Undergrad: 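Here you go, one structure.
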Amino acid sequence: MIALVGPPNSGKTTLFNRLTGLRQKVANYPGVTVEQHLGMVNLYDGRQASLVDLPGVHGFSARTLDERVTRDVLEGKIEGMRSPDALILIVDVTRLEAQLMLVEPVLEMDLPTLLVLNMVDELEARGGSIDQEVLAERLGVDVVRTSARTGIGVEEVRAYLHKVACGDTSVEHIERELSNLAGSRALPVIDAFAARRRLVRSVVQDAGFASPRPSRLTEKLDSVFLHKVWGPTIFLAVVLLVFQSIFTWAVPLMDGIDWIVGTSGEWIAAALPDTWYRSLIVDGVWAGVGSVIIFLPQILVLFLFLGILEDSGYMARAAVIADRTMYRLGLQGRAFLPLLSGYACSVPAILAARTIEDERDRLATIFVTPFMTCSARLPVYAILIAAFIPNEPVLGPIMNQQAATLLGLYGLGVVAAIGTAFLLKRTLLKASPTSFLMELPPYRIPAPRTLLLRLLDRSKIFLRRAGRIIFAVAIVLWVLTQFPRAQGGPPDIEQSALGTIGHVIEPVIEPLGFDWRIGIGIVTSLAAREVIVGTLGTIYGVEEADEESLALQEILRRDIEPGAAIGLLVFFAFALQCMSTVAVMRRETAGWKWPALQFFYMLLLGYLGAFISFRIF
Amino acid sequence: MQLPAVAEQAHIEDLRLGDVPMQQEVELVSIDLPVELAEPLLERGVLPGCRICPVQSSPGGDPVVSVDGSLLALRRETADCLCVRLVSPFQDVG
Ligand SMILES: Nc1nc2c(ncn2[C@@H]2O[C@H](COP(=O)(O)OP(=O)(O)O)[C@@H](O)[C@H]2O)c(=O)[nH]1
Ligand SMILES: [Mg+2]
């Protein structure tokens, strides 16, 4: 296995995609979530090499979780993952001096290393140059110049991988100036860095590195994007555009999927004999899975935007703009990306918080991330809002009550997140002032290939999850409705095992105006929020199998009071009903303390919120 | 952590990066921050002796500086902990 290492934004992912194409997958290893991309590279004469794309780091001091994961992978400490046979260190050659600060710690790993000077296209366009031969000689490693964007030099990287696969590489134990540094660990940290810096400077000077002119484009764009007035204006416009696009551009696609799921459901219902398993398949599994797949377009649009914002370099500026406000709330600018990603799904969002260097800031960020209205809440919101909120205009023609309710629920999440962050930073996570440091990469045009591959990844993860959890829950539920047998047939649903469970929890949820059916829905949706749709589908489907089948919305309207329905919406806005999030929290915080606290805190908030709504409305 | 590069410079240590006007290149003299907060700076090449030039100010009034061809955004609280001295743009520091 060969690992790609380098600072953030040096082009690791772009090169990785060039080399592996579609032969890649997101791998997870026990212990830590290494949501790492593993891929196969085709070499010559039929050989293959596996390549792993690691998070960007500036060093291996293990201050951030990203750094810790990267170091563990490089040292072969990840369970079930081989330690790398060779490394590819990739740097942005336009910022060579700063980026080469990583060269010494990487070479200290004593593995065959290829130094990739990426973005030569940009270096040359801006009038810089470098003699790679001298660099290779001084550092004792192979060096290639590439442009991962245009494909220049990628074959040379492949040739190097081939050499590694054939066992043709060795670590050159040449007298590096580095060897005197090996003992410098004991020195005060500043001296070690100063020595590193001197080495880099002398190597770079010998290699005749001529720095490129500063990027005019970046200067111009920054004077707008970081402008006192324009900066925040554009920032807000971007955030609004993201939301607007989720709710407009994605809609035609969603309608299409809805139609496909609906029609195929009817088709399946017609094709199946009218027996015991028909409602399981149609109302439980098919409707349940369908209610989730429909949100795929929204997730894709959101991730497309996040990808463009990140790869273009704007996200770093957005973090700088957000920092002052976030700082006042007890968070910091780097929390902006995770929180925005939280609108799609908390799981990748919590992983994205790994770049936050301060541990308390990171904990506070991932603690409040699940308050962001993730896409799994949307099926629930959609069905309850359609059933209970009249479609009448408020504020003139621009918005109707349904849209206003949805907006209100989004707002509720934000308010809860702000309040919670504020509270946490004054109690459990009280900290001395932290610092915020953000590197602003030059603005670049994102590579479409990278964006597409990322979307493909996201779809796969999303669909797999929708399939597995919902399918499993539907089956378990259905089995529970079939026992204990009454006169050889399935019991009346209230007498079934499921009904009994429902009646046991009923006293707890009665103050909220929910009956036992909703209770079961809430219990199953603790696994994943969207499961409630399929659950109610199963319960009502079984119960009313012989009645004229009503749409779920109409049944809900008949069985739930409006106040309780609003309470249910509020409950879903607050409660942490997502086992994937709990699991990822446990891994990211190395223990049960934070996920447990988060789960019960959010549950309590949800319960109180629902109780109050039921009393008011 | 006080990290003076040259001891005699103590008297000008009251010039902080936060006070430097835009486009005025300065040399970093010392970093007046605890190790955990200084380390991210060090890793990115912000070390005593390096040249720093403020190039932008964020809407919140925080500086964006250029170091070694990279752009770094700092908080002004951090910038106020970086002691610097003026250099003429043509003088070589070696
Ligand atoms: N001009 C140019 N841009 C590149 C090159 N390689 C990557 N990029 C761009 O640099 C940005 C960051 O690349 P990415 O692969 O995401 O970096 P990573 O953070 O190291 O994975 C993206 O917008 C890429 O399109 C290159 O060789 N030349
Ligand atoms: Mg990447």
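Just so it is clear, the structure is predicted and the values come from calculations on it, not from any experiment. Letters A, B, ... are given to chains in the order of the sequence lines, protein chains preceding strands, and every chain is numbered from 1.
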Undergrad: Side chain from CB out, backbone as N, CA, C, O: work out which of these in Glu67(A) comes under 4.5 Å of a heavy atom of chain B, or both, or neither.
TA: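 Only the side chain of Glu67(A) comes within 4.5 Å of chain B.
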Undergrad: Counting only non-hydrogen atoms closer than 4.5 Å, does Thr78(B) touch chain A with its backbone (N, CA, C, O), its side chain (CB onward), both, or neither?
TA: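 Side chain of Thr78(B) only, per the 4.5 Å heavy-atom cut-off to chain A.
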Undergrad: Is Gln99(A) in contact with chain B via its backbone, its side chain, both, or neither, using a 4.5 Å heavy-atom distance?
TA: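 No part of Gln99(A) comes within 4.5 Å of chain B.
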Undergrad: May I ask you to test the Asp68(B)-Arg197(A) pair for a side-chain heavy-atom distance under 4.5 Å?
TA: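 In short, these two side chains touch, coming nearer than 4.5 Å.
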Undergrad: Under the rule for salt bridge (charged side-chain N to carboxylate O under 4.0 Å, His left out), what residues qualify as partners of Arg76(B), not counting sequence neighbours?
TA: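 Partners of Arg76(B) under the salt bridge (charged side-chain N to carboxylate O under 4.0 Å, His left out) test: Asp62(B).
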Undergrad: Within the structure provided, determine whether Leu440(A) and Leu72(B) are in side-chain contact (heavy-atom separation under 4.5 Å).
TA: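 No, every pair of side-chain atoms sits at 4.5 Å or beyond.
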Undergrad: Is the shortest heavy-atom distance from the side chain of Ser58(B) to the side chain of Arg317(A) under 4.5 Å?
TA: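 The answer is no; the side chains never approach within 4.5 Å.
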Undergrad: I'd like to know whether Leu71(B) forms a side chain to side chain contact (heavy atoms under 4.5 Å, CB included) with Asp222(A), so could you lay out the CA-CA distance, the side-chain angles of the two residues, the decisive distance to 0.1 Å, and finally the verdict.
TA: CA-CA 11 Å; Leu71(B) 292 178; Asp222(A) 270 343; 3.6 Å; yes
Undergrad: Please report the C-alpha distance between Glu43(B) and Ser61(A) in whole Å, then the side-chain angles of each, then the deciding distance to 0.1 Å, and finally whether the side chain to side chain donor-acceptor pair (under 3.5 Å) criterion is met.
TA: CA-CA 10 Å; Glu43(B) 276 179 351; Ser61(A) 55; 3.3 Å; yes
Undergrad: Below 4.0 angstrom, N of the basic side chain to O of the carboxylate: do Arg75(B) and Asp323(A) qualify?
TA: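 Yes.
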Undergrad: Where on Val64(B) is there a heavy atom nearer than 4.5 Å to chain A: the side chain, the backbone, both, or neither?
TA: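 Interface part for Val64(B): side chain.
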Undergrad: Within a strict 4.5 Å, meaning less than it, do heavy atoms of the Glu439(A) and Ser70(B) side chains meet?
TA: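 With C-beta onward as the side chain, the pair touches.
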Undergrad: So what's closer than 4.5 Å to chain A heavy atoms on Leu47(B): side chain, backbone, both or neither?
TA: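 When you check distances to chain A, only side chain atoms of Leu47(B) fall under 4.5 Å.
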Undergrad: Applying ring pair (Phe, Tyr, Trp, His ring centres under 6.0 Å), name anything that partners Phe235(A), two or more places apart in sequence or on another chain.
TA: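 Expected list: Phe336(A).
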Undergrad: Pick one of side chain, backbone, both or neither for His227(A), based on which atoms fall under 4.5 Å of a heavy atom in chain B.
TA: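 The backbone, not the side chain.
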Undergrad: So what's closer than 4.5 Å to chain B heavy atoms on Thr64(A): side chain, backbone, both or neither?
TA: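 Nothing of Thr64(A), per the 4.5 Å heavy-atom cut-off to chain B.
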Undergrad: List the steps, then state whether salt bridge (Lys or Arg N to Asp or Glu O under 4.0 Å) holds for Arg44(B) with Glu357(A).
TA: CA-CA 14 Å; Arg44(B) 290 164 176 87; Glu357(A) 297 188 335; 3.7 Å; yes
Undergrad: Does any heavy atom of chain A fall under 4.5 Å from the side chain of Ser66(B), the backbone, both, or neither of them?
TA: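 Neither the backbone nor the side chain of Ser66(B) comes within 4.5 Å of chain A.
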